[in-house]
Amino acid sequence: QPGVPFVKVAVECSGKPALVVTQQRYLPLGSSASANMTWGIPLSVRYSDNGTVREEKGIVTGASSRFELKNATSCPTWVMPNAHGAGYYRFALEPKYQQALSTAFAQLDEREQRVYADSITSAYGAGQVSPKELLAALPQFTTAQVRQTVTAGMSAIGWMDEQLLTSEPDRNAFRAKAAEIYRPRLDQLGLSPKQGEPDDDRLLRASLVNFFAETLKDAQVRAEMGK
């Protein structure tokens, strides 16, 4: 069947820890297609259990299901609903666990970081994550090694700048806050190419410089690039 599964995950710890998983077809805001679809999804999750990272696998079916964390000895500190980025689905976590996973970002492998960034930005595009929640996740994205993870939220910032802000003072303040998120990574790369640097560093620098100059209208970067 067409489409991509969109999985919403809540954590239940009233008894044996479990995930409450609801699913539908992923649709961006404004789509007229039906979201009323379900799959048999091979779910693979990683989670932190009293400091020990565990992994469990199973199948979830139907619009709502319960995925018991059989090896858990306590309520998990954080949950990664797509272990190693192996599953073909997007996900959204309840706010508490979204923040917890963002805090644990460095403990995720590169594929997990990539699918987490994709899931957060996609959930924002579907109206399941607020602008505030998306912006809170972006500083972690900028620490990733994979270029596409670093840049995952930049188009959303451009959209917010154009569509959500109506006054120039608000727009300037928003751009300044966005620059604070991305400037450390740009400073790390530098504005000038380095001999022998990886292609990904060169491409990431170009993306960041364009973002600062064109989207954020950053005077510092514009002045440097104009020399």
Side-chain angles (χ1 to χ4, degrees), residues 3-9 26-31 45-46 78-95 97-165 174-189 198-218 221:
V4 177
F6 181 53
V7 172
K8 290 188 275 190
V9 179
Y26 174 80
L27 293 174
L29 280 174
S31 174
V45 303
R46 288 206 308 141
W78 55 263
V79 174
M80 173 56 186
N82 192 346
H84 311 299
Y88 182 66
Y89 50 89
R90 287 168 167 158
F91 65 84
L93 290 155
E94 57 187 326
Y97 277 91
Q98 180 181 301
Q99 181 56 52
L101 187 58
S102 182
T103 301
F105 189 79
Q107 298 181 56
L108 307 181
D109 64 35
E110 288 184 355
R111 285 183 60 86
E112 289 174 333
Q113 291 179 350
R114 181 73 187 95
V115 299
Y116 176 50
D118 174 74
S119 286
I120 289 288
T121 54
S122 297
Y124 173 72
Q128 299 293 326
V129 165
S130 70
K132 181 178 180 180
E133 289 168 335
L134 174 63
L135 291 170
L138 297 184
Q140 298 293 344
F141 296 176
T142 68
T143 67
Q145 293 301 310
V146 176
R147 169 173 51 90
Q148 294 89 339
T149 306
V150 176
T151 61
M154 295 197 317
S155 62
I157 285 181
W159 188 91
M160 291 179 199
D161 183 276
E162 292 179 2
Q163 303 296 327
L164 300 184
L165 302 171
F174 176 75
R175 291 171 182 169
K177 289 181 179 179
E180 289 177 4
I181 294 172
Y182 289 95
R183 199 180 302 278
R185 190 59 183 268
L186 181 59
D187 289 345
Q188 181 188 57
L189 288 168
D199 286 345
D200 255 21
D201 283 0
R202 176 176 53 81
L203 292 169
L204 178 56
R205 177 186 298 107
S207 294
L208 287 170
V209 167
N210 182 70
F211 176 66
F212 270 81
E214 299 300 325
T215 301
L216 303 184
K217 309 292 191 291
D218 186 81
V221 170

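The figures here come from the full heavy-atom set of this structure, side chains too, leaving out hydrogens, waters and symmetry mates. These numbers were taken from a predicted model, which means no experiment stands behind them. Numbering of residues begins at 1 and proceeds along the displayed sequence.
The shortest side-chain heavy-atom distance between Arg185 and Leu204 falls under the 4.5 Å cut-off. With a 4.5 Å cut-off on side-chain heavy atoms, Phe6 and Tyr89 do not count as touching. Two residues are said to be in side-chain contact when any heavy atoms from C-beta on lie closer than 4.5 Å; Asp218 and Phe211 fail this criterion. Counting only heavy atoms from C-beta outward, the side chains of Val150 and Phe141 never approach each other to under 4.5 Å. The side-chain heavy atoms of Leu186 and Val221, taken from C-beta on, include a pair separated by under 4.5 Å. Between Met160 and Tyr124, the closest side-chain pair of non-hydrogen atoms falls below 4.5 Å. Considering only heavy atoms from C-beta on, Leu208 stays 4.5 Å or farther from Asn210 through its side chain.
Nearest heavy-atom pair, Gly125 versus Tyr26, reported as atom, atom and distance to 0.1 Å: C-OH, 4.0 Å. Considering every non-hydrogen atom in both Gln113 and Phe105, the closest pair reads NE2-O, 3.0 Å. Taking every heavy atom of both residues into account, Arg175 and Asp161 meet most closely at NE-OD2, 2.8 Å. In this structure, Leu189 and Arg205 approach most closely via the heavy-atom pair O-NH2, 3.0 Å. Minimum interatomic distance between Leu29 and Gly127 (heavy atoms only, all atoms of both residues): CG-N, 3.8 Å. A pairwise comparison of heavy atoms in Tyr116 and Gln98 identifies OH-O, 3.2 Å as the closest pair.
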Per-pair distances, 0.1 Å, donor-acceptor, side chain in residues 78-88, under 3.5 Å, sequence neighbours excluded:
{"unit_1": "Asn82", "atom_1": "OD1", "unit_2": "Ala86", "atom_2": "N", "d": "3.2"}
{"unit_1": "Asn82", "atom_1": "OD1", "unit_2": "Gly87", "atom_2": "N", "d": "2.8"}
{"unit_1": "Asn82", "atom_1": "ND2", "unit_2": "Gly87", "atom_2": "O", "d": "3.1"}
{"unit_1": "His84", "atom_1": "ND1", "unit_2": "Asp109", "atom_2": "OD2", "d": "2.7"}
{"unit_1": "His84", "atom_1": "NE2", "unit_2": "Glu55", "atom_2": "OE1", "d": "3.0"}

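A donor-acceptor contact shorter than 3.5 Å links the side chain of Thr151 to the backbone of Arg147. A donor-acceptor pair under 3.5 Å is absent between the side-chain atoms of Thr215 and the main chain of Phe212, judged by distance alone.
Atom CD in Gln145 sits 8.5 Å away from atom CG in Asp201 (nearest 0.5 Å). The line from OG of Ser130 to CG of Leu135 is 8.0 Å long, rounded to the nearest 0.5 Å.
Other residues, nucleotides and ligands contribute over 12 non-hydrogen atoms within 6.0 Å of the NZ atom of Lys217. Applying the 6.0 Å contact sphere to CZ of Arg183 captures more than 12 heavy atoms from other residues, nucleotides or ligands.
Not counting sequence neighbours, Glu133 has no partner by the salt bridge (Lys or Arg N to Asp or Glu O under 4.0 Å) test. Residues meeting the salt bridge (Lys or Arg N to Asp or Glu O under 4.0 Å) test with Asp187, sequence neighbours left out: none. In this structure, Arg114 has no salt bridge (Lys or Arg N to Asp or Glu O under 4.0 Å) partners at least two apart in sequence or on a different chain. Scanning for side chain to side chain contact (heavy atoms under 4.5 Å, CB included) contacts around Ala178 gives Ile157, Leu216, with sequence neighbours left out. With sequence neighbours excluded, the residues that form a side chain to side chain contact (heavy atoms under 4.5 Å, CB included) with Pro139 are Ile181.
Side-chain N/O atoms of Ser122 and Arg90 include a donor and acceptor closer than 3.5 Å.
Ion pair Arg46/Glu112 flagged as a salt bridge, since at least one NZ, NE, NH1 or NH2 atom sits closer than 4.0 Å to an Asp/Glu carboxylate oxygen.
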*After noting the C-alpha distance and the side-chain angles of Leu108 and Leu101, does the key distance pass the side-chain contact (heavy atoms from CB on, under 4.5 Å) rule?*
CA-CA 9 Å; Leu108 307 181; Leu101 187 58; 3.9 Å; yes
